[in-house]
Amino acid sequence: MESEKVLCVAEKPSVAKEIAKILSGNRFVMRNSRINYIKNYEFKCQLNSKEVQVIITSVCGHINALDFPSQYAKWESCSPTVLFDAPIIKKTIDENAECIRENIFNIAHSVSHLMIWTDCDREGEKIGSDIVDICRMANSDIVVSRARFSAIIPPQIKQAWESPVQLDMNQAEAVNTRMELDLRIGYAFTRYQTLGLRQIFPELGNGILSYGSCQFPTLGFVVERYKAVENFVKEKFWKIHVVVDRDDTIVNFNWDKGVLFNVNCCNAIYCDLMMDQPVIATVVEVVTKETRKYKPFPLTTVELQKAGCRFLHISSAEIMKIAEDLYNKGFISYPRTETDQFDHQFNFKDLIQAQSQDPRWGDFASSLLDKRITTRKGKHNDQAHPPIHPVQYATGLTGKEKTVYEFVVRRFLACCSDDAKGNETTVKIKIKEEYFTAKGLVITENNYLDVYPYDRWSDKNLPNFILNETFTPKECTIEEGETTPPEYLTEAELINTMDKNGIGTDATIHEHIKKIIDREYVEKQDLGNKTYLIPSNLGLAIVEGYDSIGFNESLTKPLLRAKMEQNLKEICEGTREKNDVLTENVNKYRDMFLVTHNNLQLLIGGSRDVGENDIQGTRGSRGSRGSRVSKRGGRGRGSRGRAGRGFTSARGRGRGRGRGRGSNDGSYDNEPLNID
DNA sequence: GCAAGGTC
């Protein structure tokens with residue numbers, strides 16, 4: 001009797017290949033599909049002490065997407081509000097996805113079992129459920145199971161093969177919900193904002209003013225920091241500073257009280273200290289203890305992007321492109337991972353060995369080979385991918401690829417090394433009743449710092465002080481200072497903030513940042529030797545406009561997305577139904593849409609005398625920064641006095657044919673939008 | 001032409 005056939009489908013080609021290698025012991029037949037990067041791997045394998053025939057293939061991320069039926073495709077075909085309730089259709093993403101579907105469909109005819117090997121996360125369950133649908137269409141009797149693995153290494157994969165579980169349909173439903181909400185809300189607000197603002201500012205041309213539940217909070221973070229800088233009010237402070245000259249070394253002692261914001265208070269203390277001359281300081285504490293500079297955590301996508309901006313001066317979008325290229329060439333591991341801990345069975349030695357031939361870090365790598373490797377363990381594990389690490393020694397790389405590969409290797413070797421160690425000495429002195437402290441550092445072991453130049457730690461020389469000795473300081477002065485404003489947001493900080501607030505995923509954070517730049521809501525500016533993200537007039541005006549409407553839950557803050565995420569989690573946990581969450585969220589956003597529409601004057605001009613001051617008018621002082629609209633020329637005069645027109649739909653009132661009602665009397669007629 | 005999420 002012919003043995004049973006099992007079809008295994010992974011989320012991406014590289015995983016299909018790895019699983020095939022592991023389960024077949026590298027003895028498989030590889031067949032092409034109609035897409036050159038999708039391969040089918042065939043071999044025989046034991047399952048429950050029976051021999052089965054296995055075919056492993058993959059999809060390439062999502063197969064299906066949601067869309068509105070074609071009659072809604074034209075922006076003017078309906079009022080944007082209709083999109084909150086319009087029917088939605090499921091379709092194959094593109095022609096490639098169609099070929100991938102066909103490949104699976106054809107194989108499914110001839111197999112009895114289907115095993116899903118997509119990533120073990122929410123999106124993976126959804127992709128898996130789409131694969132099941134395809135296979136059931138071909139073969140309604142197919143027996144379905146799901147492999148659950150926490151890393152693509154032999155023991156985990158073998159374990160997953162032998163003890164499969166069932167797909168988690170709750171998670172798939174959560175993703176279906178997310179897809180539908182993102183589509184409805186994103187399209188409705190985007191069309192509304194775009195068509196409406198184009199009416200008011202024709203110089204926007206064909207520019208799109210998009211709304212998205214991730215891109216708006218991202219923009220919000222940039223604006224929030226910008227305003228914190230602009231609105232910053234300096235405050236003066238005073239402090240007492242002690243300088244000691246010993247053994248030809250100047251030692252600065254910092255006041256334990258830090259700074260005081262009351263000059264009289266500071267003066268009183270200072271006068272008291274200076275009353276008896278000469279001033280006598282007594283050493284009350286000399287302590288030396290071992291200190292460490294911790295080696296880095298294993299590398300995640302978010303950390304790679306932050307490091308790219310900070311150390312390598314490469315934007316997050318570009319570093320992801322480069323990392324994906326390095327991955328596709330087989331030099332580094334999968335670059336989209338949240339995992340910051342290596343599996344305890346991870347094979348470090350072979351990977352370190354491979355690096356030992358390099359003239360730059362080879363000696364360091366060699367020195368690790370006879371040591372026991374321990375790495376720091378972060379708190380994240382996506383159950384699918386290990387931290388980013390080099391998988392092969394690479395030669396012949398140039399430019400930024402070389403830079404990024406070098407970073408990945410050095411980071412990996414740093415993780416495998418030891419913390420840097422040193423001795424920190426603290427000297428505390430007392431003058432009357434005031435205490436002052438100085439610290440020194442002697443580095444005793446560089447360890448990881450030798451291979452990881454991106455971190456800095458340096459010796460700080462401190463001469464000898466003896467407990468209870470007394471001396472007269474060289475100087476004891478009162479100093480005035482003032483608080484300094486925060487800096488504008490850097491891309492690395494933005495990535496961090498998005499990550500912490502759950503805006504976007506490791507694979508999409510950089511896309512959202514790129515999007516708000518492409519939309520000209522935000523621009524990059526070099527100040528000094530750093531690059532900052534600064535909102536354009538347009539970005540600032542939109543955020544201020546929405547914020548001035550005063551929603552309970554701001555469209556430009558992360559909380560709204562967080563609540564949606566919480567609802568999705570409830571679907572995953574089985575405590576809420578998809579339709580329940582859909583209805584609640586669609587209603588919520590529809591309400592916000594209507595409130596927006598009823599407060600157009602606030603959106604387009606804030607509460608600042610709409611009709612007289614347009615957005616440019618209120619932002620005039622910042623015009624020199626080269627905003628979207630001013631760059632396109634003539635926004636100032638051209639749009640002045642037009643803002644009061646309010647949002648109007650393009651339909652029924654073509655551009656330039658407006659009747660101009662409501663433009664100067666502050667009244668708004670919302671009817672023309674046709675939002676019914 | 002619009003979203004966010006996968007991935008090549």
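Order of the sequence lines fixes the chain letters, A, B, ..., with proteins taken first and strands second; residue numbering starts at 1 for each chain.
Nucleic acid contact for A:Y211: sugar-phosphate only, since backbone atoms but no base atoms lie under 4.0 Å from a heavy atom of the residue. Residue contacts shown for A:E11 are limited to sugar-phosphate atoms, with no base heavy atom under 4.0 Å away. At a threshold of 4.0 angstrom between heavy atoms, the contacts of A:N328 are confined to the sugar-phosphate backbone, with no base atom among them. No engagement by A:I100 is indicated, since no non-hydrogen atom pair under 4.0 Å with the nucleic acid exists. If you check every strand for non-hydrogen atoms under 4.0 Å, A:G124 touches nothing. In this structure, A:T118 reaches neither bases nor backbone, as no heavy-atom distance under 4.0 Å exists between it and the strands shown.
Stacking annotation: A:W75 is stacked on the base of B:dG1 (ring centroids less than 5.5 angstrom apart, interplanar angle below 30 degrees).
Listed nucleotides B:dT7, B:dG5, B:dC2 differ in distance to A:I93; the shortest reach to its side chain belongs to B:dG5. Looking at the side chain of A:E123, the nearest of the listed nucleotides B:dG5, B:dT7, B:dA3 is B:dG5. If you check B:dG6, B:dT7, B:dC2 against the side chain of A:I208, the one that comes closest is B:dC2. Here the side chain of A:C214 is nearest to one of B:dA3, B:dG1, B:dA4, namely B:dA4.
Rounded to whole Å, the distance from CG on A:L183 to C1' on B:dG1 is 14 Å. We find that CG of A:D182 is positioned 13 Å from C1' of B:dG6, with the value rounded to whole Å. Atom CG in A:D382 sits about 15 Å away from atom C1' in B:dT7, given to the nearest Å. If you measure from atom NZ of A:K12 to atom P of B:dT7, you get 4 Å, rounded to the nearest angstrom. A straight line from CD1 of A:I63 to P of B:dT7 spans 13 Å, rounded to a whole angstrom. Going from atom NZ of A:K126 over to atom C1' of B:dT7 covers 16 Å, rounded to whole Å. Atom P of nucleotide B:dG6 and atom CG of A:D121 are separated by 7 Å, given to the nearest angstrom. Rounding to whole angstrom units, CG of residue A:D130 and P of B:dG5 are separated by 17 Å.
Around atom NZ of A:K321, no more than 12 heavy atoms belonging to other residues, nucleotides or ligands sit under 6.0 Å away. Crowding of A:D85 atom CG: a count of heavy atoms from other residues, nucleotides or ligands under 6.0 Å exceeding 12.
No donor-acceptor contact under 3.5 angstrom links the side chains of A:D506 and A:T300, judged on distance only. Side-chain contact check for A:H62 and A:D130: no donor-acceptor pair (N or O, by modelled atom type) lies under 3.5 Å.
Within the structure, a side-chain polar atom (N or O) of A:K515 is placed less than 4.0 Å from OP1 or OP2 of B:dA3. Side-chain N/O atoms of A:T190 include none lying less than 4.0 angstrom from OP1 or OP2 on B:dA3. Between A:R519 and B:dG1 there is no side-chain N or O to OP1 or OP2 distance below 4.0 Å. At least one side-chain nitrogen or oxygen of A:S210 sits closer than 4.0 Å to the OP1 or OP2 atom of B:dA3. The side chain of A:R184 places no N or O atom within less than 4.0 Å of a non-bridging phosphate oxygen (OP1 or OP2) of B:dA3. Within the structure, a side-chain polar atom (N or O) of A:H512 is placed less than 4.0 Å from OP1 or OP2 of B:dG5. For A:Y334, a side-chain nitrogen or oxygen approaches OP1 or OP2 of B:dT7 to under 4.0 Å. Side-chain N/O atoms of A:T505 include one lying less than 4.0 angstrom from OP1 or OP2 on B:dG6. Taking 4.0 angstrom as the limit, A:R178 places none of its side-chain polar atoms (N or O) nearer than this to OP1 or OP2 of B:dG6.
Along DNA chain B, the nucleotide nearest to A:Y37 and the one nearest to A:R561 differ in position, and the one closer to the 5' end is contacted by A:R561. Between A:D119 and A:F216, the one whose closest nucleotide on DNA chain B sits nearer the 5' end is A:F216.
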Original post:
Stepwise, does the side chain to side chain donor-acceptor pair (under 3.5 Å) test hold for A:R561 with A:S213?
Top reply: CA-CA 6 Å; A:R561 179 79 194 181; A:S213 57; 2.5 Å; yes

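Centroid-to-centroid, the aromatic rings of A:F216 and A:Y546 come within less than 6.0 Å.
In this structure, A:R34 does not pair ionically with A:E95, as no charged nitrogen and carboxylate oxygen lie closer than 4.0 Å.
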